[in-house]
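Residues take their numbers from the sequence shown, with the count starting at 1. When a ligand or atom number is given, it counts from 1 through the structure's own listing order.
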Amino acid sequence: MSMMLIRNGRLADDRELEDLYIRDGKIEKVGVNLSVEKEPDTVIDAKGKVILPTLIECHIHPDKAFLEERKPNESGTLEEAIKNTGELKADYTYGDVKERAEKVIQWVLRHGTTIMRAHPDVDHIEELLGVEVLLELKKKYKEVLDLQIVVFPQEGIFKSPGTLERMEEGLRKGADVVGGCPYNEESLEDSKRHLEAVFDLAEKYDLPLDLHVDFADNLEDPRYLLTETICEMTVERGMQGKVALGHVTTLGSMNPKDAEVLFDKIAEAGITIVPLPATDVYLNGRNDEKNIRRGMAPVGKLLEHGVNVAFSSNNIRNAFTPFGNGNLLLIGYLLAETQFMGSAEQQRKVLELITYNAAKLLGMEDSYGLAPGKNADFNIFDSTKLSDVIQDQPAALYVVKRGKIIVENDVQTKRHI
Ligand SMILES: [Zn+2]
């Protein structure tokens, strides 16, 4: 039986400092000046620093991370990103994918992320290599990382023969979620068939659905305008609460009145929207010569309409996103800046998107949070207020998983002035 006591943590900006008492990987008590009968194995004085439940990367591609140095995206377009990555995939080996994916895991753990939903490509080029690597890493890191694996048809389903069969094989091997990429088909009709196919697969295996959709900044190509159709399909098939959509950047370019109607439909269908700021801002707005758009789904409006919104890194250093260090707080800063979320309340809200909202998307609400009975998965950050975390960009001083310290980051400043 292992016990841990954290003293004097900042759990909320409007409450006193509180203690956490942890036993056997679960939080047992939370309160001010907790009294404990037995001396715990580990005692940490948080000294008023912020404690947040573990951060969650709910949408990330470890199999294609760190490819930027092999073939940069010179035009900066989505088309070139898909093309370059498609060419590089042909040379993947198991060892190469494993080395890069494992580096992503190590980087995110360092920054306090211990829950992840990964989207490895499944297609005629990469086949099931990414899925197999991630299944191995899921086993290897099971003590420190809760990993969900999505079978993701990046190259389309009808454009990439055999993909649907491979996706099903990936699920039989242990993948957890059905992915989709309906915009990457030759015609609108094929995009709709793509949606039917992935909804059918999710229903057959009773699994959640996580799609890349509406990833554009213009409204001319109907393959990039399928969110309304997806809302209707979600309700028809009774899959409310089990569908997530990544990007959905067209929501930021729509006529505001039409967009508001759609926001309500998204909320009614219980769909989570996952903006991917580092990619969305980088790839969109490329044809704007002035008043260049941010190219993101409007986070504040979606929240006002009651939509569950999260966000994530998506890619780390590849043709889709040449940036990234596995730190969700950095992505949060980008989101806060570009979505005008600057007040103290809004900056705290940004933190909710990568904690509680992402946990809801992953179906982990029952075990997640800083309350008795929840998994002891949390970070102590080097900030004294939750509303400062995004702008402080603090180190995760302690990263705790199931009641064990798995990472410590030291911060030391030597002043010579
Ligand atoms: Zn993605």
Side-chain angles (χ1 to χ4, degrees), residues 56-68 73 77-86 88-89 97 100-101 104-105 108 113 116-123 126 130-131 134 147-157 160 163 167 170 175-185 194 198 208-217 223-224 226-227 230 243-251 271-284 295-297 309-324 326 328 331 334-335 353-354 358 361-362:
I56 301 176
E57 281 281 9
C58 63
H59 180 132
I60 193 165
H61 300 270
D63 58 325
K64 54 187 167 199
F66 305 109
L67 293 177
E68 166 72 3
N73 178 354
T77 59
L78 174 64
E79 293 71 29
E80 187 177 336
I82 293 177
K83 183 174 161 288
N84 287 3
T85 310
L88 291 170
K89 272 197 269 197
V97 175
R100 288 182 292 102
V104 170
I105 291 173
V108 303
T113 293
M116 176 190 277
R117 178 180 276 186
H119 287 248
D121 290 9
V122 176
D123 50 53
E126 185 168 334
V131 171
L134 283 155
L147 177 60
Q148 293 187 356
I149 301 169
V150 183
V151 285
F152 171 48
Q154 169 78 82
E155 309 291 334
I157 287 176
S160 170
T163 292
M167 289 168 72
D176 311 271
V177 181
V178 177
C181 193
Y183 64 75
N184 198 8
E185 296 290 359
H194 183 124
V198 295
L209 196 53
D210 198 330
L211 310 175
H212 287 61
V213 293
D214 294 17
F215 189 10
D217 58 14
R223 294 173 304 161
Y224 291 92
L226 288 165
T227 296
I230 293 166
V243 178
L245 305 182
H247 298 295
V248 211
T249 54
T250 53
L251 297 180
I271 290 174
T272 297
I273 300 293
V274 185
L276 301 157
T279 307
D280 298 344
V281 171
Y282 188 72
L283 293 183
N284 284 313
M296 273 179 68
V309 180
F311 67 87
S312 199
S313 290
N314 193 33
N315 285 294
I316 294 182
R317 303 188 192 190
N318 66 13
F320 296 85
T321 318
F323 308 107
L328 272 171
I331 307 298
L334 179 61
L335 181 133
L353 309 192
I354 41 174
L361 151 61
L362 299 193

Task: S312 side chain to P275 backbone, donor-acceptor under 3.5 Å - done: no
Open item on the list: With 2.8 Å as the threshold, which protein atoms of type N, O or S lie near the Zn ion (ligand 1)? Leave waters out.
Closed with: H59 NE2, H61 NE2, H212 NE2, N314 OD1
Task: Main-chain N/O of S313 paired to E57 side chain as donor or acceptor, under 3.5 Å - done: yes
Task: Considering all heavy atoms, the nearest V178-V198 contact - done: CG1-O, 3.7 Å
Task: Side-chain ion pair, K64 and E126, N-O less than 4.0 Å - done: no
Open item on the list: Strictly distance-based, threshold 3.5 Å: is any side-chain N or O of D63 a donor or acceptor partner for the main-chain N or O of D121?
Closed with: yes
Open item on the list: With rounding to the nearest 0.5 angstrom, report the CG to SG distance, D210 to C58.
Closed with: 7.5 Å
